[in-house]
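Letters go in sequence order (proteins before strands), and every chain restarts at 1. Because only heavy atoms are used, hydrogens play no part in the values below, and waters and symmetry mates are left out as well, while side chains stay in.
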Protein chains: 2
Amino acid sequence: MSSLRALAQRLGLSITTVSRALDDYPDVAPATRERVRHAAREANYRPHNAARRLRKGTGETVAFVMPAQPGHFHEPVFAELLAAIGEQLAAKHHDLILLAARPGLEEMATYRRLVESGRADAFILARTRRRDERVAYLEAKGVPFICHGRTETKQPYAFVDGDGEGGFRDLTKRLIGLGHRRIAHLSAPSYLTFATLRAAGWRQAMTEAGLEEDAQRLFAEGEPAEEDGHRLAAALLAGPQPPTALVCATDRMALGAMQAVAEAGLAIGPDIAVTGHDNIPAASYARPGLTTMELPPAEVGARLAAMILARMGGRDPRELSAVLDLRQIPRGSSAEA
Amino acid sequence: MSSLRALAQRLGLSITTVSRALDDYPDVAPATRERVRHAAREANYRPHNAARRLRKGTGETVAFVMPAQPGHFHEPVFAELLAAIGEQLAAKHHDLILLAARPGLEEMATYRRLVESGRADAFILARTRRRDERVAYLEAKGVPFICHGRTETKQPYAFVDGDGEGGFRDLTKRLIGLGHRRIAHLSAPSYLTFATLRAAGWRQAMTEAGLEEDAQRLFAEGEPAEEDGHRLAAALLAGPQPPTALVCATDRMALGAMQAVAEAGLAIGPDIAVTGHDNIPAASYARPGLTTMELPPAEVGARLAAMILARMGGRDPRELSAVLDLRQIPRGSSAEA
DNA sequence: ATAAGCTTCCAAAACGTTTTGGAGGCCGGT
DNA sequence: ACCGGCCTCCAAAACGTTTTGGAAGCTTAT
């Protein structure tokens, strides 16, 4: 592990000069700068990360805390999101550190540990909640952070989010255009901002079409995975005036719902439309293909990475936030393709 | 950020004593130890990570480099694996740092950077290849590492792996028992150890049943995702003596294969068996349910974490390795359930 | 009473970097 | 000659921790 000192010795220079040469300070002669550069490359020199952050007080480390209930974290697009973030950060010589903690006390303790021991200089928050203690804490501590998804706070904060509200509104309108009236929504838990937004979009379209009563009746909430999708759909289908469309908050719920529809002996597409959100791989390989919408995770990841870097550089959060349009992907499950 | 010095000052002790008290050295009086302990808890003291690793020369950081081609990393069980690893490591106060790098030059450069800048003290390798330069490099550098999956090397090394060979042998025998003879295998690329092992298991069962010729003919290789599963299955089904069973290396391939079978107008289960590996959520919600096998990712993750910690503690790799039995999950796609 | 041995504590060095506050040499202007 | 200013360079301090090598005080054995 070739150190600055070793380099300096070999070159007959001081540590200071070597350090400044590598850091492009103006007060080192171009000739020596080159000499140092060359020697550094030759010796495969890498500054010792810990030493640098000890001295500078801050480092190049972004933390991502997965809100994971163990045995419960099959987010399919998640790996790709992480890969994109990791790649972008690595390109700028930043590290991504990854923790898992269940929301609640454990989660906050984890954030505190990371901040107070100086391990993390910035955070990316996933699964943002409407009232999110993480946001409050980091805000108060002055630690830069970025949200994947929105939250409810007075403070300006930086986020990237898909336009779930618009996406679900457009989708629901499309279904109404196809003749559907009794359109149910299978929502994720309402403390999650994305769930509330998607539900709001669906409700708007229903209201505009004068279908408030159906909307009132045909709303169900559960965990955003197959199991609850199946359960909630089965319950709705067994009701008095069963829906003709199931607008699900996520693809995983939708896949569960499709199973329930099939079990009820109904044809997905012609009889009952089922739709999701995320465009996970399984959605296009379901039969019929699952109508869904997507925000490419690689793009979101790249964006999150760029934003957190800007935030660490002191950029104003207001200049950074973005609500991105969703791409609608009609397939057979809504009898559109 | 309350420092050791601040604590010492407040207690009227030296930094040394405070440090040693917190570290359970025998040469500090029980009474002072308690006093220090109490004050540390009170002040919410956390040792500064960078300072500690600078001094000790090594820290508590495990790196995981995702072998990701961007836009191509939808590993469904991956998030859960990471969550399990992250949680276990966090419980032992270790950090998990996550990078993404495409296999090849970039990947090796990433490993080198991490090692030489002292950012990572140990590695977890995923998608282990039969001849794996990462293993060679880390071995040579004396950096502790653990493989998820096996590799071909003379050196003893530590790994966790499912018994893919046994699993696919048993599965294939079961299919033979059900009357199948023309059993095809859709393999992942052979440079990946797991692909070779699963293929070997299938081939063994075929050979034992005297079906070498079919095995010869009914082998296809592609990327372990839906697309190639679909493509390879379609090609096999269009051949002269089409298979009656498609044993796929992964669930994602199997889902693609199921699509191809359906397009060919054949009934999955009765006409043609399709099987996978991983037990991803979509497998149980496919129609019919996909016969598969699994190694619970949470368990593997916990095991990997425990092993890398043991390895960092100097334990011999030979004592650590484990080949774990797979749990077979018969479902409708093989007409067993 | 002294030496030896514990027990309990501490000063100082070290890890490798960045940054502060000059120092020395050289030039041009007076 | 001298001064001010520029160009290069550098010694030393600092970040917060762990560890080395004692030191002081007390107890016990001689």
Side-chain N or O of Ser14(B) versus OP1/OP2 of dC9(C): is the shortest distance under 4.0 Å?
no

Judged by nearest nucleotide, the residue sitting upstream toward the 5' end of DNA chain D, Ala29(A) or Leu4(B), is Ala29(A)

Remember a base hit wins even if backbone is also touched, and classify Arg53(A) as base, sugar-phosphate or nothing at under 4.0 Å, heavy atoms.
nothing

To the nearest 0.5 Å, atom CD of Gln88(B) lies from atom CG of Leu304(B) at 10.5 Å

Using a cut-off of less than 4.0 Å, is there contact between a side-chain N or O of Ser19(B) and OP1 or OP2 of dT18(D)?
yes

Which nucleotide in dT17(D), dG16(D), dT18(C) has an atom nearest any side-chain atom of Leu54(B):
dG16(D)

Between dT19(C) and Tyr25(A), is there an OP1 or OP2 to side-chain N/O distance shorter than 4.0 Å?
yes

Starting at CZ of Arg5(A) and ending at C1' of dT18(C), how long is that distance when rounded to a whole Å?
15 Å

Leu22(B) atom CG is separated from dG16(D) atom C1', nearest whole Å, by 13 Å

Do Thr61(B) and Arg53(B) meet the criterion of a side-chain donor-acceptor pair at a distance under 3.5 Å?
yes

Atom CD of Gln9(B) and atom P of dT17(D): how far apart are they, to the nearest Å?
13 Å

Checking contacts here: which listed nucleotide (dT17(D), dC10(D), dT18(D)) is nearest the side-chain heavy atoms of Tyr45(B)?
dT17(D)

Looking at dC9(C), I'd like to know if its phosphate oxygens (OP1 or OP2) sit under 4.0 Å from a side-chain N or O belonging to Thr32(B).
yes

Looking only at side-chain atoms of Ser3(A), point me to the closest of dT18(C), dT17(D), dG16(C).
dG16(C)

Round to a whole Å and report the spacing from CG of Leu11(B) to P of dT8(C).
17 Å

State whether Arg112(B) and Glu116(B) are salt-bridged, where the test is any N-O pair (Lys NZ or Arg NE/NH1/NH2 against Asp/Glu carboxylate O) under 4.0 Å.
no

Output yes when at least one side-chain N/O atom of Thr16(A) is less than 4.0 Å from OP1 or OP2 of dC9(D), else no.
no

Are there more than 12 heavy atoms of other residues, nucleotides or ligands under 6.0 Å from atom CD of Gln9(A)?
no

Can you confirm if the NZ or CZ of Arg134(B) lies within 45° of the ring axis of Phe145(B) and under 6.0 Å from the centre of its six-membered ring?
no

Regarding Thr17(B) and Ser14(B), is there a side-chain donor-to-acceptor distance under 3.5 Å anywhere?
yes

I want to verify a distance call: between dT19(D), dC9(D), dG16(D), whose nearest atom is closest to the Asp27(A) side chain?
dC9(D)

Distance check needed: dT17(C) P versus Arg46(A) CZ, whole Å only.
13 Å

Rounding to an integer number of Å, can you tell me how far Arg52(B) CZ sits from dG16(C) P?
18 Å

Phosphate oxygens OP1/OP2 of dT8(D): is one of them under 4.0 Å from a side-chain N or O of Arg20(A)?
no

Spacing of Asp23(B) atom CG relative to dG16(D) atom C1', expressed in whole Å:
14 Å

Counting only distance, no hydrogens or angles, is the base of dT18(D) paired donor-acceptor with the side chain of Arg55(B) under 3.5 Å?
yes

Rounded distance (Å) that lies between atom C1' of dA13(D) and atom NZ of Lys56(A)
17 Å

So what does Ile15(B) touch, heavy atoms closer than 4.0 Å: a base, only the sugar-phosphate, or nothing?
base

